[in-house]
Amino acid sequence: MTETTQTRTPDSRPTGGLSAQYQPGEVEQRRYETWVSAGYFTADPASDKPAFSIVIPPPNVTGSLHIGHALDHTIQDTLSRLKRMQGFEVLWLPGMDHAGIATQNVVERQLAGQRLSRHDLGREKFVEKVWEWKAQSGGAILGQMRRLGDSVDWSRERFTMDEGLSRAVQTIFKRLYDDSLIYRANRIINWCPRCLTALSDIEVEHTDDEGELISIRYGDGDNAIVVATTRAETMLGDTAVAVHPDDERYRHLVGTEVELPLTGRRIPIVADEHVDPSFGTGAVKVTPAHDPNDFEIGQRHSLPSITIMDERAVVTVPGPFEGLDRYEARPAIVDALREQGRIVAEKRPYLHSVGHCSRCKTTVEPRLSLQWFVNTAPLAKKAGDAVRDGRVTIEPAELAKRYFAWVDNMHDWCISRQLWWGHRIPVWYGPDGEVVCVGPDEQPPTGDGWRQDEDVLDTWFSSALWPFSTMGWPEQTPELEKFYPTSVLVTGYDILFFWVARMMMFGLYAMDDVQPFDVVNLHGMVRDGHGKKMSKSFGNVVDPLDWIDRYGADATRFTLARGANPGSDVPISEEWCQGSRNFCNKLWNATRFALMNGVTVEGPLPDKTELSAIDKWILSRLEHVIGEVDELFATYEYAKVCDTLYHFAWDDVCDWYLELSKPVLASENAGTTQRVLGHVLDQLLRLLHPVIPFVTEELWIALTGGETVTKAAWPTADKELIDDAAEEELAALQKVVTEVRRFRSDQGLKPTQRVTAALTGLGNVGIDTHEPLIRSLARLDRPSAGFTATATLAVTGGITVDLDTRGTIDVAAERARLEKDRAAAEKELAQSRAKLGNDAFLAKAPEQVVAKIKDRLATAEADLTRIAAALDGLPTT
RNA sequence: GGGCGCGUAGCUCAGCGGGAGAGCACUCGCCUUACAAGCGAGGGGUCGCAGGUUCGAAACCUGCCGCGCCCA
């Protein structure tokens with residue numbers, strides 16, 4: 001980065017104490033503390049205002065703020081601040097989930113450093129340790145959220161393991177149990193042999209991995225059948241071979257038995273519809289205890305299930321392979337089979353889909369075990385219907401398809417985890433096989449032989465209750481009364497299944513069919529400046545705190561929001577963040593300029609009759625922008641909100657309105673413009689505040705002397721201020737100024753070099769009164785006696801600028817410029833002529849379109865005439 | 001294998017039936033008393049390919065090619 005140089009003498013006019021550059025570091029912490037201590041973010045359930053509520057998708061207690069959170073929170077904060085300004089009673093409720101596996105892993109790793117395992121401590125002591133860890137090191141993210149500016153209600157911070165939320169968990173468990181929507185069964189589940197716990201389907205990530213495909217001959221002679229498998233080691237647990245019933249190759253073998261090699265067991269050959277005859281040899285080995293599909297086949301054919309591995313995926317079958325883990329057992333077994341001449345084919349590498357634990361990436365081992373499940377079908381049906389019948393809207397709507405695909409085909413949800421950190425399953429088992437589910441106010445059975453289920457619940461089980469458990473459910477609280485259902489859930493589309501579906505299921509179930517949120521606003525994943533996924537191995541991960549340190553929270557937020565187009569991922573790069581920082585600085589300096597020039601927000605806007613066309617124009621533009629921003633927010637178009645405000649602020653306000661206002665502000669007639677500029681900046685800062693809260697707060701207070709922009713009223717569009725005539729005038733003015741500037745640039749005239757020029761034809765477009773302004777912006781002096789033009793500019797609209805460039809002009813440059821203009825005009829002319837020469841076009845195109853083309857043709861013709869004249873007037877050399 | 005989405009300027013993306021746009025990058029000229037984190041001007045695209053619909057297609061339809069994601 002280059003050092004900035006300050007060569008100008010400091011301006012002595014009052015600046016409201018604003019330095020020449022915005023320094024976010026000096027503003028952010030101070031402002032945030034003021035906001036929180038003033039209670040601006042504290043929600044009042046007794047308020048008369050309409051409610052707007054968001055519960056934060058609870059981050060993991062072990063986690064820290066990553067760029068995905070930063071995006072998610074920026075959106076939530078933007079909505080919260082917007083609604084607060086719009087007069088809603090806003091609750092944005094913060095908190096964290098207890099992250100069963102992740103947190104237990106962290107603490108176990110700590111213990112391992114002292115050569116201890118959780119079993120050395122025992123369950124009670126271990127859980128105490130985890131709470132200690134949470135108190136000391138957990139929840140780093142909460143502090144980081146303050147850096148980002150999150151306007152959450154800290155007085156209502158919640159944690160999924162809190163007493164109240166735990167009570168909610170037990171309540172819902174008991175209800176579901178009593179409604180037979182929770183059951184315990186022996187099923188094939190996803191097992192992580194490292195975390196030593198069951199996982200739900202969506203905690204498993206599938207990747208295409210290189211493995212091997214081994215074809216093994218079972219049986220001998222006429223009876224032989226060849227099966228293909230990627231998991232040869234599981235053959236020890238085979239209890240059948242399956243073929244497709246229509247497969248001619250094997251029809252004669254169905255119903256017979258073969259000997260399973262290495263074991264001496266005889267297993268049947270069964271026919272099953274689900275076998276794919278085109279895979280491998282068309283015959284598959286069936287291992288019901290170690291493969292979900294095989295388990296199904298086993299069920300259909302009443303096959304026994306033989307578990308051949310323990311919870312660490314170590315072979316337990318007595319014999320030569322006992323004690324080998326699954327990856328040692330595989331080659332050993334293949335070797336043994338090869339020695340027997342039973343290996344028919346070996347394919348390596350063989351690419352196939354493999355499931356991994358989403359926490360630790362260990363390959364998941366399908367495992368037959370006794371677990372608790374939620375019977376999701378009836379719950380999922382309602383969750384789908386709530387979206388189908390419009391009670392809940394998914395934004396963007398295209399993602400609803402994915403939602404339906406999930407909820408309409410949901411498997412039962414395995415909710416038991418073999419962990420100690422979490423909500424323990426409230427079920428007691430008696431000495432005579434009794435099973436008692438205990439509700440929150442009930443006493444568990446006591447006496448000999450009674451024991452509680454050892455497992456805890458999936459973290460997502462408690463997270464699914466978050467929209468109402470955080471508000472005090474199952475008590476009927478004022479918070480629930482006021483703020484449930486929540487207004488919107490903001491989260492990444494990758495969380496659609498984790499969050500949205502499960503919160504919908506439980507919310508509708510627990511809250512008498514009232515949905516947990518009205519709108520689901522899904523955003524994409526944050527990617528790097530080339531659209532690549534961020535990953536540590538790529539080294540392209542952005543730390544939002546680093547950006548906040550170097551560019552400010554506002555710049556970081558603006559960069560994220562500006563990339564957040566509905567449904568698509570959000571690319572960001574440091575250069576763009578610099579641009580956002582620059583934008584904040586631009587606002588800073590525009591306000592600084594305004595303060596140096598005596599702007600005011602006092603009193604009503606001057607009457608329209610007192611306003612100049614310039615003032616009317618910027619007010620008209622402002623009204624358009626307010627309307628656009630409202631529409632864009634209503635459709636969750638954050639990127640376009642940012643874009644609209646960026647261009648209004650930078651182009652309209654700074655590049656044109658401020659420049660045009662300079663001569664007025666320096667004159668005796670500054671009053672009106674001082675008031676209008678004050679108004680425009682006041683409104684602009686309000687409009688930007690939801691996205692970039694810090695700099696707008698600092699500037700708005702400096703500008704208005706008000707208490708805080710966080711509570712200022714959101715601008716409302718006033719159609720009375722829209723002024724088409726003023727907008728047309730300004731467009732014409734801009735055109736003239738830009739044309740002169742282009743000429744000057746092409747001619748290599750220094751910006752400081754004033755040029756004498758005569759302007760004619762301004763009255764054609766009604767901008768003759770703006771001649772002084774045009775001269776000011778284009779740096780043109782009035783002609784004096786003896787003025788002779790050395791060049792002539794023809795501007796669309798019949799305006800002519802005759803310039804005296806004091807000496808020679810660069811004829812070649814000027815000719816090139818005119819030739820370029822001519823080419824453009826000729827292209828325009830040809831296109832319009834072609835259209836107007838087409839009878840079908842004239843007959844079928846709408847009138848306005850035809851009129852527009854005619855107009856374009858006329859303009860092109862007039863331009864060509866003027867350009868030709870200018871070219872003719874050039875000296876020939 | 002099933003489903004969804006995307007290919008528009010060097011990069012990242014808007015536009016989704018009537019004149020090809022933005023930000024950044026690039027070129028040229030500037031300390032023009034708010035801002036060099038700035039100002040002014042400029043260059044740059046047969047809108048993936050091929051058909052079709054239409055007076056008119058970047059946009060709608062079909063096919064193909066390439067890329068990505070989700071599910072199995």
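Every chain is numbered from 1, with letters handed out A, B, ... down the list of sequences.
- Across all strands shown, A/Ser573 has no heavy atoms under 4.0 Å from either base or sugar-phosphate atoms.
- Shown here are the side chain to side chain donor-acceptor pair (under 3.5 Å) partners of A/Tyr657, two or more places apart in sequence or in another chain: A/Asp615.
- Every residue two or more places apart in sequence or in another chain was checked for a side-chain contact (heavy atoms from CB on, under 4.5 Å) with A/Lys401, and none qualifies.
- Interface remark: the A/Gln21 side chain does not form any donor-acceptor pair with the B/A34 base, using a distance-only criterion of under 3.5 Å.
- A sub-4.0 Å separation between OP1 or OP2 of B/A37 and a side-chain N or O of A/Ser580 is absent.
- Across residues 633-647 of chain A, A/Lys640, A/Asp643, A/Tyr646, A/His647 each have a non-hydrogen atom less than 4.0 Å from an atom of RNA chain B (numbered order).
- Between A/Gly678 and A/Leu703 the shortest heavy-atom distance is O-CD2, 3.9 Å.
- The side chain of A/His530 approaches B/C11 more closely than any other nucleotide in the set B/C11, B/A41, B/A34.
- Among the atoms of the strands shown, none is found under 4.0 Å from any heavy atom of A/Ser832.
- For RNA chain B, the residues of residues 648-656 of chain A within the heavy-atom distance limit of 4.0 Å (strictly under) are A/Trp650, A/Cys654, A/Asp655, sorted by number.
- Applying the 4.0 Å criterion to OP1 and OP2 of B/C39, one finds that A/Lys586 has a side-chain N or O inside that range.
- Take A/Lys844 and apply the salt bridge (Lys or Arg N to Asp or Glu O under 4.0 Å) test, not counting sequence neighbours, and it matches no residue.
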Q) Dot-bracket, RNA chain B: Watson-Crick or G-U, under 3.5 angstrom, [ ] crossing, | other strand? A) ((((((((.[[[[.)..(..]]]].(((((.......))))).....[[[[[..)....]]]]]))))))).
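- Partners of A/Ser535 by side chain to side chain donor-acceptor pair (under 3.5 Å), not counting sequence neighbours, listed by chain and number: A/Ser537.
- Straight-line distance from the CG atom of A/Asp276 to the P atom of B/G2: 13 Å, rounded to whole Å.
- With hydrogens and angles left out, the side chain of A/Gln831 and the base of B/G19 share no donor-acceptor pair within 3.5 Å.
- In this model, a side-chain donor or acceptor of A/Arg581 finds a partner on the base of B/A37 within 3.5 Å.
- Note on A/Lys662: every side-chain N or O is 4.0 Å or more away from OP1 and OP2 of B/U33.
- In this structure, A/Glu659 places its CD atom 19 Å from P of B/C30, rounding to the nearest Å.
- Applying the side chain to side chain donor-acceptor pair (under 3.5 Å) test to A/Asp839 and every residue at least two apart in sequence or in another chain returns nothing.
- Within the structure, every side-chain polar atom (N or O) of A/Lys532 is placed at least 4.0 Å from both OP1 and OP2 of B/U12.
- Annotation: salt bridge (charged side-chain N to carboxylate O under 4.0 Å, His left out) contacts involving residues 638-667 of chain A, sequence neighbours excluded, comprise A/Arg562-A/Asp643, A/Arg621-A/Asp652, A/Glu637-A/Lys640, A/Glu659-A/Lys662.
- A donor N or O paired with an acceptor N or O is found under 3.5 Å between the base of B/G19 and the side-chain atoms of A/Arg856.
- Scored by the salt bridge (Lys or Arg N to Asp or Glu O under 4.0 Å) test, A/Arg388 finds A/Asp385, A/Asp408 as partners (sequence neighbours excluded).
- With sequence neighbours excluded, no residue forms a ring pair (Phe, Tyr, Trp, His ring centres under 6.0 Å) with A/Trp656.
- For A/Arg775, the salt bridge (Lys or Arg N to Asp or Glu O under 4.0 Å) partners two or more places apart in sequence, or in a different chain, are A/Glu771.
- Put simply, A/Asn582 has a side-chain N or O that comes within less than 4.0 Å of OP1 or OP2 on B/G38.
- Contact annotation for A/Asn838: backbone-only contact, meaning every heavy-atom pair under 4.0 Å involves sugar-phosphate atoms and none involves a base.
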